[in-house]
Each structure stands twice: as C-alpha cells, then as structure tokens.
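The structure appears below as structure tokens.
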Amino acid sequence: MRWALQSYALFESGGAVYEERTYREWVMPEGLVRSDIRLQESDLCLLARPGEGARALDLLREARETLGRYIVRDGRFRVTLAPHEPLPGAPLIARRMARAAAIFGVGPMAAVAGAVAESVGERIAGDVIVENGGDIYARTHGPITVSLYAGGESQFTGKVKFRVDPRGAAIGIATSSATHGHSLSFGKADAVCVVGSSAVDADAAATAFCNKVQTEADVARVIEEAMGHERVKGIIIAIGDKLGAAGEIEFV
C-alpha cells in the first residue's frame, strides 16, 4: 500500500483552519478498510479490518480526554519546549510523550500526534495503520510504501518514495518541516522524516532533528546523530537541492 506523509491544502471554515487531507486519496489499502475518524480538532485516517471505525473513535475520545485531564493538572507539560518530568500518577500517554521528549531533547507536545495515533492503533486488532496529521502508527505483516512531501516547491515532493516493512511489529513514521505546515521548528529543512520504533518516538525525533538542520551542510551530521539513537530505524532529510537518508529505508 502507498501512503503520503503530509497534506497539500488548507481551507478556513468558521474561523478555524482545517487541513484538506488530499494525500489520503493516495492510499491503496489492499484488503484494509479506510475510515476517517474525526473528533473536535482531531482528524485520523484508519486503515484496518472492517468494523473497526467505531472502536477507533472510542479510543480517540479516550486518548484525548485522558491527556486533556492530565494537562489541566500539569500546565507546563503543554507549553514547555524542553523535556519535562511528568507528575506522579500521570497517564500512560503523557508518560510516553515525556519519555520520548527526554530522549530527543524536545518538549512533550512535540510527540502528541504520534502518541494519539499510537494510543488508537495499538488497541486495534490485526494489521492497522493510523495516520494523525501526517504522523503514522503502522503494524502490518507486509511492506508499506511511503511518498515524501517536502512542500510545494521541493523537487522531492511526490518523487521520493520509500518502503518500510514492519514485519508484524509496530513502527512509527513522522515528518517535521520548517518550511510548511503548522508545527513549530527552529530549523530550515523542507522535511525530516523519521522511521522509529514507535509513533511517539518518531514524532519527537522528527521535531528534534528538523530543529538541527540549518543548512545543507548539516545533513550528514544530523543523519549520523539520528542513527546513533537505537529507537531511530531510518531518517530522510530534504533541504533545498539536497537529500540525505540512512537506515532501514528502501527507495522505490
């Protein structure tokens, strides 16, 4: 199956900004059924066995409510851009976000999209892919082909495709950009895509390594640093005319 990591267009409605997730039309599920799961500002795409959409909605609601209640207790968790120790009794989703943030040196909310995707996907039976704002939780017994989106001006958008194979285990795929989208970044990269051992790790890592890319000269150094983390399985960096990659990524 194919999957794109980023969306293409924005439109406004009722004073809020929504992403028109046209990249979801690229999906070829090959036996899995697609469901779009929406709850407030959350907008997930689920690929799973038939009948799992209602359960995914319940799991999304649970994840949002659990994290929301915790943030009320721990306001700094939501705003800090640095690693943050969760309070005693913090729920699993917050602890996962804090752990990934500590590993990669970012704030916990840098991992929120991956954490929500993971909280939903890990409790869906069988092969499953959950995409949340371009961050992906995947557990499949066959390979997944991914198309990189590095912004409308990048020569690599739609032309760089790579295959990863979860082999029945869970992996995460996340992309961060300094040149498009809404995510805060202190770098200059058009796209930093990380394949990680979990969706929450991939999300935090993509943010962290995107922050470190200021020029094309940084690509090799940042890739080497990223591959020094045992929870990073692969990385692709696109900036200007330069593309660098390493790890368990097979270009197709």
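Heads up: numbering here begins at 1 and tracks the sequence. Everything quoted here is computed from the prediction, not taken from an experiment.
- Side chain of Tyr70 to backbone of Leu87: a donor-acceptor contact under 3.5 angstrom is found.
- Rounding to the nearest 0.5 Å places CD of Glu118 at 10.0 Å from CG of Asp203.
- No side-chain heavy atom of Lys212 sits less than 4.5 Å from a side-chain heavy atom of Asp218.
- The CD1 atom of Ile136 lies 5.0 Å from the CD1 atom of Ile173; values are rounded to the nearest 0.5 Å.
- Residue-environment remark: NZ (Lys242) exceeds the threshold of 12 foreign heavy atoms within 6.0 Å.
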Verdict with supporting geometry, Met97 and Val112, side chain to side chain contact (heavy atoms under 4.5 Å, CB included): CA-CA 7 Å; Met97 292 165 63; Val112 66; 3.7 Å; yes
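- Across all their heavy atoms, Gly89 and Arg73 have their closest contact at O-NH1, 3.9 Å.
- The closest donor-acceptor contact from the side chain of Thr157 to the backbone of Ala150 lies under 3.5 Å.
- Using modelled atom types, no side-chain atom of Glu230 and backbone atom of Met227 make a donor-acceptor pair closer than 3.5 Å.
- Panel note: side chain Arg96, backbone Ala111; no donor-acceptor pair is recorded below 3.5 Å.
- Ionic pairing of Asp36 and Arg34 is present here: one or more N-O contacts between side-chain nitrogen and carboxylate oxygen are shorter than 4.0 angstrom.
- Aromatic ring orientation, Phe104 versus His229: tilted (interplanar angle from 30° to 60°).
- Linking ILVMFWY side-chain heavy atoms closer than 4.5 Å, directly or via other members, places Val120 and Tyr137 in a single hydrophobic cluster.
- Looking at every heavy atom in both residues, Gly244 comes nearest to Val219 through CA-CG1, 4.0 Å.
- Glu131 contributes a side-chain N or O that, together with a main-chain N or O of Gly133, makes up a donor-acceptor pair within less than 3.5 Å.
- Taking hydrophobic clusters as Ile, Leu, Val, Met, Phe, Trp and Tyr residues chained together by side-chain heavy-atom distances below 4.5 Å, Phe209 does not share a cluster with Leu243.
- Rounding to the nearest 0.5 angstrom, the gap separating the CD1 atom in Ile93 from the CD atom in Glu62 is 9.5 Å.
- The environment of CZ in Arg61 is crowded: more than 12 heavy-atom neighbours from other residues, nucleotides or ligands sit within 6.0 Å.
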Verdict with reasoning, Arg55 to Asp58, per salt bridge (charged side-chain N to carboxylate O under 4.0 Å, His left out): CA-CA 5 Å; Arg55 174 160 173 75; Asp58 289 340; over 6 Å; no
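- His141 places a side-chain heavy atom less than 4.5 Å from the side chain of Asp127.
- In this structure a side-chain-to-backbone donor-acceptor pair under 3.5 Å is missing from Thr80 to Arg76.
- Residues Leu148 and Ile237 do not share a hydrophobic cluster, clusters being chains of Ile/Leu/Val/Met/Phe/Trp/Tyr side chains in contact below 4.5 Å.
- Residues Phe251 and Val232 do not share a hydrophobic cluster, defined by chaining ILVMFWY side chains whose heavy atoms lie under 4.5 Å apart.
- The number of heavy-atom neighbours closer than 6.0 Å to CD of Glu224, taken from other residues, nucleotides and ligands shown, is 12 or below.
- Taken to the nearest 0.5 Å, the CG atom of Leu44 stands 10.5 Å off from the CZ atom of Arg38.
- Side chain of Ser35 to main chain of Ile37: no donor-acceptor pair is present (N/O by atom type, distance under 3.5 Å, no hydrogens or angles).
- Side-chain atoms of Arg95 come within 3.5 Å of backbone atoms of Ala90 as a donor-acceptor pair (strictly under, hydrogens ignored).
- Proximity of a side-chain donor or acceptor of Ser177 to a complementary backbone N or O of Asp190 within less than 3.5 Å is detected.
- The environment of Arg221 atom CZ is dense: over 12 non-hydrogen atoms of other residues, nucleotides or ligands sit within 6.0 angstrom.
- Side chain of Asp135 to main chain of Ala174: no donor-acceptor pair is present (N/O by atom type, distance under 3.5 Å, no hydrogens or angles).
- Of all non-hydrogen atoms in Arg139 and Ala125, the two that sit nearest each other are NH2-C, 3.9 Å.
- Of the inter-residue distances, the one linking Ile124 atom CD1 with Leu46 atom CG reads 6.0 Å to the nearest 0.5 angstrom.
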Working for side chain to side chain contact (heavy atoms under 4.5 Å, CB included), residues Glu41 and Arg64: CA-CA 10 Å; Glu41 68 269 25; Arg64 287 180 54 89; 3.3 Å; yes
Working for side chain to side chain contact (heavy atoms under 4.5 Å, CB included), residues Arg99 and Asp201: CA-CA 9 Å; Arg99 177 194 54 76; Asp201 286 326; 3.1 Å; yes
